[in-house]
2 protein chains.
Amino acid sequence: MSEPLELPVIQSQRAERTDAARNRERILGAARRLFDERGPSCVSMDEIADAAGVGKGTLFRRFGSRAALATAVLSENEAELQEGFIRGEPPLGPGAPPRERLIAFGCARLDLLDAHAELIAAGEVAGAHLDSEPYAASRLHVALLLREIDPACDAEVLADTLMASLSAGLFLYQRDARQAGLERLKGAWQVLVEGALKAEQVQPV
Amino acid sequence: MSEPLELPVIQSQRAERTDAARNRERILGAARRLFDERGPSCVSMDEIADAAGVGKGTLFRRFGSRAALATAVLSENEAELQEGFIRGEPPLGPGAPPRERLIAFGCARLDLLDAHAELIAAGEVAGAHLDSEPYAASRLHVALLLREIDPACDAEVLADTLMASLSAGLFLYQRDARQAGLERLKGAWQVLVEGALKAEQVQPV
DNA sequence: CTACTAAACGGACCACGGTCCAGTTGTCTG
DNA sequence: CAGACAACTGGACCGTGGTCCGTTTAGTAG
């Protein structure tokens, strides 16, 4: 029974060691720079580890997977969007009618995709992003707005369903293979949201 | 049972060599069996090649990628769905109003996902499915129905956008992580389609 | 300062998807 | 039947994402 009786309940985790923190910053910096210079699909994890002056094991210990690293690199931009719909000006932020806020949310997300689609797509491998913190925040926001529009609707499922049309994989395809510009995509989102929950329900099939 | 096509279009390519045809069948058979026995994510391409009694090079020469092989294994089921909405009974087939056909299409697709989600997901890696023949057929079908509902709408983009909510990755997540049953998903699809193009348009933002 | 321990480290290692190419084989032509 | 050639073949090979584990080090207690 060499167990110390500290009961460190409050301090859930021990603080990050200083060398660990330093390496985390190095990795994020190197990844951001390389992704930006050559595009995410042309940078391997080995290269990032080398550029950061860190072993591969360290890289994966910190971030777990390539997709998670991409998400972490993007977290700054995601946080900005999040800030916008939580505390920003209407119509994105509080104050506007929920339907307008929902449209504004989609447009903001599409702007983010327009700027960082490849990187966001790198985080969408095998549905990994669906478990990420930024996705959860967006989904919650969308679900709350939907519930505000119609308290009786299945907001949870509808939120995921709507968010699927804002995925980076789809965006890249529509932009590159189908030559659809940002404005058309925003238009489609608007049509979708304008209609959702507006029609009288029919019997389930 | 892929019966020989009666009209060999223009015979643009030399006919498939008999040994090549035999190997193709062997590969498809082995892949179908292994995927079915252990789940697609637990079967490597090496194993499929071995089980088919074929070299790895042959496997990739035939099918190009793991995603394409998964799609090929599914082609029979996809063709069935396709047959259903082209020549089947209403409301899926011709005869019903376009909106009802669209709802029926989504439900049929969700039934297909319910039966083969893992396999379909294996074909959705890196947006590969968006270039596949079955996807193109479905997208065309959806776009035609949308145009029928509203000739002025942006049917192309809306079709891709709507189809995104029927992706296998999303289905698996909603089913496994969110515990959403088939009926709820069908309900969300219905809400989406009921509303689309019904609301009066507002000014683009 | 020394002793101790949990955490962090890094690079060898692994399995996988995918490529390459030298050799083989089916098919067509004369 | 022989000769020629395109198509097919298989397995060695490669780079990648991800894991493992023996070693090092930051932080702490005495």
Side-chain angles (χ1 to χ4, degrees), chain A residues 1-6 8 11-28 30-31 34-35 38-73 121-128, chain B residues 8 11-28 30-31 34-35 38-73 121-128:
Chain A
M1 58 159 291
S2 54
E3 195 81 23
L5 305 180
E6 287 301 317
Q11 177 141 359
S12 56
Q13 254 95 294
R14 219 198 203 71
E16 192 180 38
R17 248 168 60 170
T18 57
D19 55 340
R22 192 199 57 214
N23 279 342
R24 197 211 350 257
E25 288 312 313
R26 275 196 199 167
I27 291 169
L28 280 174
L34 288 176
F35 283 159
R38 328 206 311 237
S41 62
C42 296
V43 180
S44 73
M45 296 298 272
D46 288 278
E47 290 175 307
I48 294 172
D50 280 354
V54 149
K56 208 176 173 182
T58 303
L59 203 174
F60 278 93
R61 151 177 275 265
R62 281 282 146 218
F63 295 98
S65 73
R66 180 183 172 83
L69 175 59
T71 301
V73 167
E124 277 181 4
V125 177
Chain B
Q11 185 104 15
S12 56
Q13 256 94 294
R14 222 200 199 68
E16 192 180 36
R17 250 167 61 169
T18 57
D19 54 342
R22 192 200 56 214
N23 279 342
R24 191 199 12 243
E25 288 312 312
R26 275 197 200 166
I27 291 169
L28 280 173
L34 287 176
F35 283 158
R38 329 206 308 238
S41 62
C42 296
V43 179
S44 73
M45 295 299 271
D46 288 276
E47 290 175 306
I48 294 172
D50 279 356
V54 148
K56 208 178 175 182
T58 303
L59 203 175
F60 277 93
R61 150 176 275 266
R62 281 284 143 215
F63 295 98
S65 75
R66 182 184 171 81
L69 175 60
T71 301
V73 167
E124 276 180 5
V125 177

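Just so we're on the same page: letters track the sequence lines, and every chain starts at 1. Side chains included, hydrogens not; waters and symmetry mates left out as well; all remaining heavy atoms used.
Computed from coordinates, the D46(B) CG to dG10(D) C1' distance equals 12 Å when rounded to whole Å. Atom CE in M45(B) sits about 15 Å away from atom C1' in dG11(D), given to the nearest Å. At whole-Å resolution of the value, CG in N23(A) and C1' in dT24(D) are 13 Å apart. One can place CG of L59(A) at 11 Å from C1' of dG10(C), the figure rounded to the nearest angstrom. Atom CZ of F63(A) is separated from atom C1' of dA8(C) by 14 Å (rounded to the nearest Å). Taking atom CZ on R62(B) and atom P on dT19(C), their separation rounds to 16 Å, with Å as the unit. For the pair D50(B) CG and dG11(D) P, the computed distance is 9 Å after rounding to whole Å. Here the P atom of nucleotide dG10(C) and the CZ atom of R26(A) are 8 Å apart, to the nearest Å.
Take the nearest nucleotide of DNA chain D for V54(B) and for R17(B): the residue whose nucleotide is more 5' is R17(B). Where R22(B) and G57(B) each meet DNA chain C at their nearest nucleotide, the meeting point lying more 5' is that of G57(B). Closest-nucleotide positions on DNA chain C for D19(B) and R61(A) were compared, and the one nearer the 5' end corresponds to R61(A). Summary of the strand contacts: T18(A) and K56(A) both lie near DNA chain D, and taking for each the nucleotide with the nearest heavy atom, the more 5' one is attributed to K56(A).
Using a 4.0 Å cut-off between a side-chain N of Lys or Arg and a carboxylate O of Asp or Glu, R38(B) and E47(B) qualify as a salt bridge.
Side-chain N/O atoms of T58(B) include none lying less than 4.0 angstrom from OP1 or OP2 on dC8(D).
For DNA chain C, if you chain together Watson-Crick or G-U pairs that step i with j, i+1 with j-1 and so on, the runs of at least three with distances under 3.5 Å are C:1-30 with D:1-30.
R24(B) comes within 4.0 angstrom of no nucleic acid atom, judged by non-hydrogen atoms across all strands.
Of the candidates dA8(C), dG26(C), dG18(D), dG18(D) carries the atom nearest the F60(A) side chain, counting heavy atoms from C-beta on.
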For this session: Applying side chain to side chain contact (heavy atoms under 4.5 Å, CB included), run through D46(A) and L59(A) and close with a yes or a no.
Result: CA-CA 9 Å; D46(A) 288 278; L59(A) 203 174; over 6 Å; no

